[in-house]
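Naming: A, B, ... by sequence-line order, numbering from 1 per chain.
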There are 2 protein chains.
Amino acid sequence: MNVTIYDVAREANVSMATVSRVVNGNPNVKPATRKKVLNTIERLGYRPNAVARGLASKKTTTVGVIIPDISNIFFSELARGIDDIATMYKYNIILSNSDQNKEKELRLINTMYEKQVDGLIYMGAEISEEHVQQLKTSPVPVALAATIDSSETIPSVNIDYEQAAYEATSILIENGTKHPVFVTEETNSAVNERKYAGYAKALKEANQEINEDFVIKAGLSYESGVEAAKQVMELKDFPKAIFSASDELALGVIHGLQDNGLRVPEDVEVIGFDNTKLSTMVRPTLSTVVQPMYDIGAVAMRLLTKFMNKETVEEQNVILPHQIMKRNSTK
Amino acid sequence: MNVTIYDVAREANVSMATVSRVVNGNPNVKPATRKKVLNTIERLGYRPNAVARGLASKKTTTVGVIIPDISNIFFSELARGIDDIATMYKYNIILSNSDQNKEKELRLINTMYEKQVDGLIYMGAEISEEHVQQLKTSPVPVALAATIDSSETIPSVNIDYEQAAYEATSILIENGTKHPVFVTEETNSAVNERKYAGYAKALKEANQEINEDFVIKAGLSYESGVEAAKQVMELKDFPKAIFSASDELALGVIHGLQDNGLRVPEDVEVIGFDNTKLSTMVRPTLSTVVQPMYDIGAVAMRLLTKFMNKETVEEQNVILPHQIMKRNSTK
DNA sequence: TTGAAAGCGCTAACAT
DNA sequence: ATGTTAGCGCTTTCAA
């Protein structure tokens with residue numbers, strides 16, 4: 001049997017309430033009593049039971065985090081931002097991988113509710129009607145991180161993907177390629193749509209009619225980037241510039257190109273998206289769109305704390321600034 | 001107010017005990033009753049409260065995971081293995097970053113106990129006496145993943161670091177470098193000691209007296225690898241082969257070398273450690289020691305489930321096989 | 001097969 | 001400043 005608050009109360013000759021007050025830092029305790037209680041807590045090795053506290057107080061100081069894949073460098077960076085701010089506000093995180101599998105996502109959300117998390121941070125590609133439904137009827141606050149719900153009805157933190165993609169594509173065009181290739185993830189997400197929209201916008205502005213052959217759907221991984229490079233090379237009259245929807249894909253593209261004797265950026269320019277650690281860990285270093293993953297996670301968590309504290313929030317859909325980082329994969 | 005088991009019982013005209021039985025899949029319920037209960041659960045939208053269940057049953061189906069840094073590609077891979085097996089056994093994970101900060105680690109362990117986790121997976125570099133003490137007096141089972149406690153008193157999952165380092169170094173020696181350089185992380189961990197021991201063993205076997213100038217202490221990051229490369233180049237009469245204690249460091253070393261006009265592996269051979277995703281995402285691809293991070297996490301979690309189920313475990317300190325993957329950074 | 005009832009360890013009024 | 005007490009929502013004997 002473990003030491004309970006009741007044991008401490010008995011040993012210290014006070015009531016449970018007083019022990020509770022001491023443990024929770026309630027100022028309404030005479031210093032002498034506090035000391036006495038603290039001593040017997042120490043002596044008995046008492047450790048508060050957070051589960052019992054959670055049941056009684058209806059607060060678990062725990063937030064759920066649903067993430068596509070923690071082993072993905074993009075998401076793990078987000079997770080770090082989330083956990084750091086959570087820690088700062090005395091919350092712990094229950095982390096679960098969804099693999100962007102709809103059933104699993106829905107199940108996970110429900111599990112989080114069962115576990116009585118005080119709030120939920122959700123990351124995922126496709127936000128279906130069912131997702132929105134389950135998230136909107138949540139018993140606790142929810143915030144989306146680096147994921148867009150087109151209904152704009154759930155609080156979220158993102159960057160302006162369209163504008164970012166537009167800028168990245170424009171740079172390529174300014175550098176002399178009329179119609180760059182766009183290598184994108186095949187996932188059917190709102191984020192991807194916006195990146196595409198930005199790409200298309202840049203082309204339109206340059207009076208280029210969009211050629212869908214130049215839009216290459218790839219997987220999420222480095223390997224699919226390598227594959228994509230091959231496809232690009234088979235394009236007749238293929239362009240000398242490629243905009244990739246992620247850094248990992250961009251690296252695959254670059255290496256696929258290099259492995260076939262092409263030089264980057266001399267023969268082909270490549271620009272990525274995200275600015276993961278990877279982008280400086282390769283040669284040539286990768287020019288890319290800076291998406292502040294850590295900050296997105298941190299801000300999403302901060303936003304969530306505001307909701308959990310019932311503070312008023314001015315803007316539910318936060319857009320963080322992005323920028324373009326020119327390194328050596330572009331001229 | 002939320003729907004409770006009591007509400008369901010009342011609406012279904014059964015006792016709470018029966019509802020509980022249905023929810024928990026207890027077979028001692030007449031099919032008709034079960035159906036009736038299931039219907040009203042559906043109708044009322046009842047969702048079991050895991051916190052109340054945890055208090056009553058003394059099981060939370062949650063395990064704590066203390067990890068140095070989830071944004072590190074090595075640890076995030078471990079975490080993925082942990083979560084996958086946890087999910088398989090119906091556990092959730094409370095994940096916390098320790099930054100290998102001793103105070104934080106100790107505090108985190110305590111927090112996990114307070115949260116009444118059913119078990120704990122711990123990762124960290126230095127396992128001090130205090131760590132061992134706190135972990136050994138744990139109210140729940142503990143397993144170490146990719147971390148060594150020299151007292152060998154806590155269950156753990158690792159590879160044979162010494163043997164692995166020995167093999168890696170030997171390859172370099174066989175390739176013609178009498179006394180390779182060892183670039184290691186300065187962290188004072190048992191794992192590092194064993195890598196060093198393996199390196200030293202290989203040298204000794206080649207009748208090389210160890211030259212401590214050739215053992216370079218670096219940080220954990222890619223950047224410190226780049227720095228290390230500079231130091232290596234300043235070594236008079238510097239060797240043509242480098243064994244690096246991690247892949248990330250190895251990449252830094254390679255690029256540091258390349259940025260100074262040296263070719264890998266023609267001028268200098270480099271072998272890494274871990275076989276993170278990074279190792280195939282660079283050119284030249286990295287030769288390295290394969291450490292099965294995902295499996296270490298998965299096996300550690302599996303081991304933990306055995307302890308949590310009070311199954312007997314034959315071997316508490318699991319050593320997983322490693323291998324050497326020769327790619328293009330060595331000859 | 002089902003129900004009654006006693007906790008699990010704590011918080012939060014409410015009293016004093 | 002401190003104590004009393006009624007829950008929080010569920011599981012788990014023990015009986016029937």
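By the side-chain contact (heavy atoms from CB on, under 4.5 Å) test, A:Lys59 pairs with A:Ser57, A:Asp118, sequence neighbours left out. Partners of B:Thr87 according to the side chain to side chain donor-acceptor pair (under 3.5 Å) rule, which considers only residues two or more places apart in sequence or in another chain, do not exist here. Take B:Glu114 and apply the salt bridge (Lys or Arg N to Asp or Glu O under 4.0 Å) test, not counting sequence neighbours, and it matches no residue.
Rounded to an integer number of Å, the gap from B:Asn2 CG to D:dC10 C1' is 14 Å. In this structure, CG of A:Leu55 is placed 12 Å from P of D:dT11, rounded to the nearest angstrom. One atom, CG of A:Asp7, and another, C1' of C:dC8, lie 13 Å apart when rounded to the nearest Å. The distance between atom CG of B:Asn49 and atom C1' of D:dT11, rounded to the nearest whole Å, is 13 Å. What separates CD of A:Glu114 from P of D:dC8 is a distance of 20 Å, to the nearest Å. The distance between atom CG of A:Asn13 and atom P of D:dT4, rounded to the nearest whole Å, is 12 Å.
Using modelled atom types, one finds no donor on one side chain facing an acceptor on the other under 3.5 Å when comparing B:Lys115 with B:Thr62. Side-chain contact, B:Arg43 with B:Thr40: no donor N or O sits under 3.5 Å from an acceptor N or O. With 3.5 Å as the limit, one finds a donor-acceptor pair spanning the side chains of A:Ser20 and A:Asn24. Under 3.5 Å, the side chains of B:Asn110 and A:Arg47 contain a donor-acceptor pair of N or O atoms. No side-chain donor-acceptor contact under 3.5 Å links A:Thr147 and A:Tyr122. Side-chain atoms of B:Asn101 and B:Glu103 include no donor-acceptor pair closer than 3.5 Å.
OP1 or OP2 of D:dG3 sits under 4.0 Å from a side-chain N or O of A:Ser15. Taking only side-chain nitrogens and oxygens, B:Tyr6 never comes nearer than 4.0 Å to OP1 or OP2 of C:dA5. A sub-4.0 Å separation between OP1 or OP2 of C:dG9 and a side-chain N or O of B:Lys58 is present.
When the nucleotides D:dT2, C:dG3, D:dG9 are ranked by their closest atom to the side chain of A:Thr18, D:dT2 comes out on top.
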Trace of the salt bridge (charged side-chain N to carboxylate O under 4.0 Å, His left out) decision for A:Asp83 with A:Arg80: CA-CA 5 Å; A:Asp83 189 46; A:Arg80 191 50 153 109; 5.2 Å; no
B:Tyr89/B:Asn309 under side chain to side chain donor-acceptor pair (under 3.5 Å): CA gap, chis, key distance, verdict: CA-CA 11 Å; B:Tyr89 286 88; B:Asn309 294 334; over 6 Å; no
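A:Val51 comes within 4.0 angstrom of no nucleic acid atom, judged by non-hydrogen atoms across all strands.
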What pairs of nitrogen or oxygen atoms, one from the protein and one from nucleotides 12-16 of chain D, lie under 3.5 Å apart?
none

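Between the two ends of the helix from C:dT1-D:dA16 to C:dT16-D:dA1, each summarised by a five-pair axis, the helix axis turns through 30° (rounded to 10 degrees).
Of the residues in residues 22-43 of chain B, B:Asn28, B:Val29, B:Lys30, B:Thr33 come within less than 4.0 Å of DNA chain C through at least one heavy atom, sorted by number.
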